[in-house]
Structure formats: structure tokens, C-alpha cells
Amino acid sequence: MSKIHAAITAVNGYVPDYILTNKELESIVDTTDEWITSRTGIKERRILKGEGLGTSYMAVHAVNGLLKKRGIGAEEIELIIFCTTTPDLPFPASANILADKIGAKNAWGFDLQAACSGFIYGMSTATQFIESGKHKKIIVVGGDKMSSIVNYEDRTTCIIFGDGCGAVLLEPNYEGNGVIDSILKSDGSGKQFLHQKAGGSSRPASHETIDNNEHFVYQEGQAVFKFAVTNMSNVAAEIMERNHLTSEVVTWLVPHQANKRIIDATASRMGIGPEKVMINIERYGNTTNGTIPLCLWEWEGKLKKGDNIILAAFGGGFTWGSVYLKWAY
Ligand code: UT7
């Protein structure tokens, strides 16, 4: 019997309606459209408004659409991996909340926290369950409501992040398409440059943590930039080398959308032109776990069976990694 690969058989996404433009940000913090555009490539981002709506709200939209596209019922799903840095609650897992909301009564699931590399980690994890034969229908969700942990008085972070969610269905493929390889890395010493200071067990919420703005993203942008540019490029080049892929045979690069300059550096290191790079950062900013599945969703119509696709990400942790897959439909 031929090897089982874990193939994406459907992809869907959801972004909230509200558009926060650079122009509006100019009225909130001391910044300019020119600075944001030239330093990051971002023009606007989506914000989830509405009392009580968390990341799972966006995931419900993304996953219901996914199931409809594939023509299957929620009860057929066996596992949900919810990659997020902004779960609805510290517990229970957003995967459980999502399963309940969509009626995935036969699924188990868990949340996966690897900051901006979460979707890459999630794809690789799900692949193991498909390749082993344990499961036949797995949903990997990547989504974040970053506006819930962004300080809109901090111009160095609030201009970057946005809200959004994407989801893919993974199923066994016997034709050689699907996930071929993945490389996952981490370096916890990078924590100091990108983290949320309070709200966890080492520093629970208190009046003091709230007064000190410690429940927001803390980022030393330049330091993160240096690590991101080097490591995302290196890991994308490494997966190409390991799989004997030349730039000519790579059909698409799907990079995490943190900064257009990091994306350009990665593409250049891989030797591929801009026409092969999925970029939507100008419209959505950095949606953390959402960036890669949202790109796949938006580019789905252009993808062809057998396309060689490289996913690459870098994020807090530090975490980074790459997935090489062959598109299956
Ligand atoms: O997705 C997870 C991983 N995260 C990343 O990959 C993010 C990596 N980092 C970055 O993308 C960039 O470092 C940023 C976009 C965050 C910042 O860009 P930068 O080119 O590294 O700017 P900088 O931090 O070096 O700041 C340059 C100047 C500073 O002013 P002075 O000290 O030179 O006078 C900042 O105060 O720009 C100033 N600045 C701003 N000015 C206008 C910082 N933020 C802003 C702003 N508007 N929003």
C-alpha cells in the first residue's frame, strides 16, 4: 500500500467586518500611514467588535464554511487542533468550545500555543495522526483576536496586529500529495523580546498588573526582527535543500505575515520572485496564527493539484518552522 500523506482537502477563512485603517490609527497614536506602510507593508487590519466575542466566534464561521465546502457534517470530525495565542478563556480549550458550537460531537481536541508559528506546529502535529492511520478527518484552526491583547496606546505594537481566523481540513491522501516534510524549531531564550507579562500562573492578574498594562503584547521589535529575518529565511531554505527543491519547482511560498520586509528577505533567500509569494499583510496585518491559513484561503482558486508549497513562520517563544506540502486538489 502506498504511503499515507496528510493532505489539505478544504480551506476556509473568516475576517471580521470592521476595518482599522492606518488613517484611523493616526488619530489614536503618534504615527503616520507613511511610517507604517514603509516599515511593515500594512495598510489596514480587521478588528472583531462585539461584547463577548472571542477567537472561537471567528473559528465557528471559518469551520462551518469549511465543512460546507467539503460537504461533510461536523460529527465526522475526529480531532480539532486550535492554534491560538488568544483563546476564549485560559480553560477550557477553545478547541472544546468550538467543537460544542459547531456540533462536532465525536471530536477530541486541544489548543496549541506556539505564537505566530502555531499553524505550522499544528499542521505538523495533525500530520502525525493522519500518517499513523489513527484519524481520517482533522481540522487545524489558526486564529487570533489580537485586538484583545494589544495596547492601543503603544504605537510600536498596535499598528501591527489584526484579528482573523483560517481553518483547513486534513485527510489521508494515497497519491503522494499532502504534507511531505516539516521542520520545527524553538529557542525559549527569546522570551524576553516578545511576551505577555501577566495573566499566567507566574504572574496572575491583579490590580497592579492591570495598572501596569501587563496584559498586552510586549515586543522589542528590532530584536525580534533580526531573529525573524534570519531564522524564517534559513528554515525555508533548509526545507528546500532537504527535499532537493530548486526555486523553479517551488510553486508558492506562504509566509507568516509579520512584516513585508521579513517576507521579502525570505523569498529572496529562497531565490523565488514576488509572483510566487502569497502576501495579504496590507489588508489584514499580523493575525498571528491566522496569517498562513488566511493566505491559503484567499489563494485557493489559483492552486493546482501537485503544486509545491512552502509554509514558513517565525514567532514568539521564539518558535519557527516550515512545512513542505504538495497541493492535493
Ligand atoms: O509575528 C511575530 C514576530 N514579530 C515580528 O516579526 C515583528 C518584527 N519586528 C518588526 O516588524 C519591526 O521591528 C517593527 C515594525 C515592530 C518596528 O520597525 P523598526 O523598523 O524595527 O522600527 P524601530 O523599532 O527600530 O523604531 C524606529 C523608530 C523609533 O524612533 P527613533 O528612536 O528612531 O526616534 C521608534 O520610536 O520609529 C519609531 N516608531 C514609530 N514611529 C511612527 C516606532 N513605532 C512607530 C510608529 N509610528 N508606529
Side-chain angles (χ1 to χ4, degrees), residues 2-9 11 41 116-117 119-128 130-131 140 142 166 168 170-187 225-281 291-315 318-329:
S2 53
K3 183 179 181 327
I4 304 173
H5 287 98
I8 294 176
T9 54
V11 56
C116 297
S117 310
F119 187 75
I120 298 267
Y121 275 42
M123 282 290 293
S124 182
T125 306
T127 295
Q128 314 308 312
I130 298 277
E131 287 183 352
V140 182
V168 296
L170 287 178
E171 295 183 78
N173 180 286
Y174 305 95
E175 299 176 337
N177 292 321
V179 174
I180 308 295
D181 195 12
S182 63
I183 301 175
L184 308 177
K185 308 214 183 203
S186 75
D187 176 2
F225 186 91
K226 279 186 203 146
F227 280 96
V229 126
T230 312
N231 289 311
M232 200 164 112
S233 306
N234 283 350
V235 79
E238 188 182 339
I239 210 161
M240 281 176 71
E241 258 171 55
R242 200 155 95 168
N243 292 280
H244 313 293
L245 295 170
T246 60
S247 52
E248 289 75 33
V249 303
V250 172
T251 329
W252 293 102
L253 164 65
V254 194
H256 170 52
Q257 315 275 311
N259 188 313
K260 174 80 163 47
R261 290 180 289 148
I262 300 173
I263 295 172
D264 291 346
T266 304
S268 150
R269 176 79 204 281
M270 294 167 70
I272 64 170
E275 71 288 353
K276 290 184 171 187
V277 187
M278 298 187 193
I279 301 177
N280 58 17
I281 192 171
T291 58
I292 291 175
L294 284 173
C295 279
L296 289 172
W297 169 53
E298 292 201 326
W299 266 260
E300 185 191 19
K302 292 187 179 164
L303 303 179
K304 294 187 194 68
K305 197 170 173 175
D307 278 357
N308 289 310
I309 301 180
I310 307 271
L311 319 179
F314 182 90
F318 290 134
T319 56
W320 65 103
S322 188
V323 167
Y324 163 40
L325 62 88
K326 287 175 98 67
W327 198 248
Y329 62 97

Pairwise distance [atom1]([X]) to [atom2]([Y]) - rounded to 0.5 angstrom:
X    : Y    : atom1 : atom2 : value
N234 : E241 : CG    : CD    : 9.5 Å
Y329 : T9   : OH    : OG1   : 7.0 Å
L245 : I272 : CG    : CD1   : 11.0 Å
T246 : M240 : OG1   : CE    : 6.5 Å
L311 : L296 : CG    : CG    : 6.0 Å
H5   : N173 : NE2   : CG    : 8.0 Å

Please give me the minimum heavy-atom distance between [X] and [Y], naming the atom from each residue.
X    : Y    : result
L253 : A312 : CD1-CB, 4.4 Å
A313 : C116 : CB-O, 3.7 Å
V277 : A267 : CG2-CB, 3.8 Å
G315 : S117 : N-OG, 3.4 Å
P293 : V11  : O-CG2, 3.8 Å
N308 : K326 : OD1-NZ, 3.0 Å

Apply the test side chain to side chain contact (heavy atoms under 4.5 Å, CB included) to residues I310 and S322: give CA-CA distance (whole Å), side-chain angles for both, the deciding distance (0.1 Å), then the verdict.
CA-CA 7 Å; I310 307 271; S322 188; 3.5 Å; yes
Residue list, salt bridge (charged side-chain N to carboxylate O under 4.0 Å, His left out) with D264, at least two apart or on another chain:
K260
Is any side-chain heavy atom of [X] less than 4.5 Å from a side-chain heavy atom of [Y]?
X    : Y    : result
F318 : N231 : no
T266 : P255 : no
T127 : I130 : no
I120 : W320 : no
I262 : F314 : no
K185 : T319 : no
I292 : M123 : no
I8   : L170 : yes

Who passes side chain to side chain contact (heavy atoms under 4.5 Å, CB included) against [X], sequence neighbours left out?
X    : value
D307 : T251, W252, L303, K304, I309, W327
N280 : Q257, R283, Y284, L294, C295, E298, W299
K305 : E175, N177
A265 : V229, S233

Could you give me the CA-CA distance, side-chain angles and deciding distance for V323 and F119, then say whether side chain to side chain contact (heavy atoms under 4.5 Å, CB included) is met?
CA-CA 10 Å; V323 167; F119 187 75; over 6 Å; no
Check whether any side-chain N or O of K276 sits under 3.5 Å from a backbone N or O of V250 as a donor-acceptor pair, and report yes or no.
yes
Pairing residues for R261 by the side-chain hydrogen bond (donor to acceptor under 3.5 Å, both in side chains) criterion, not counting sequence neighbours:
none
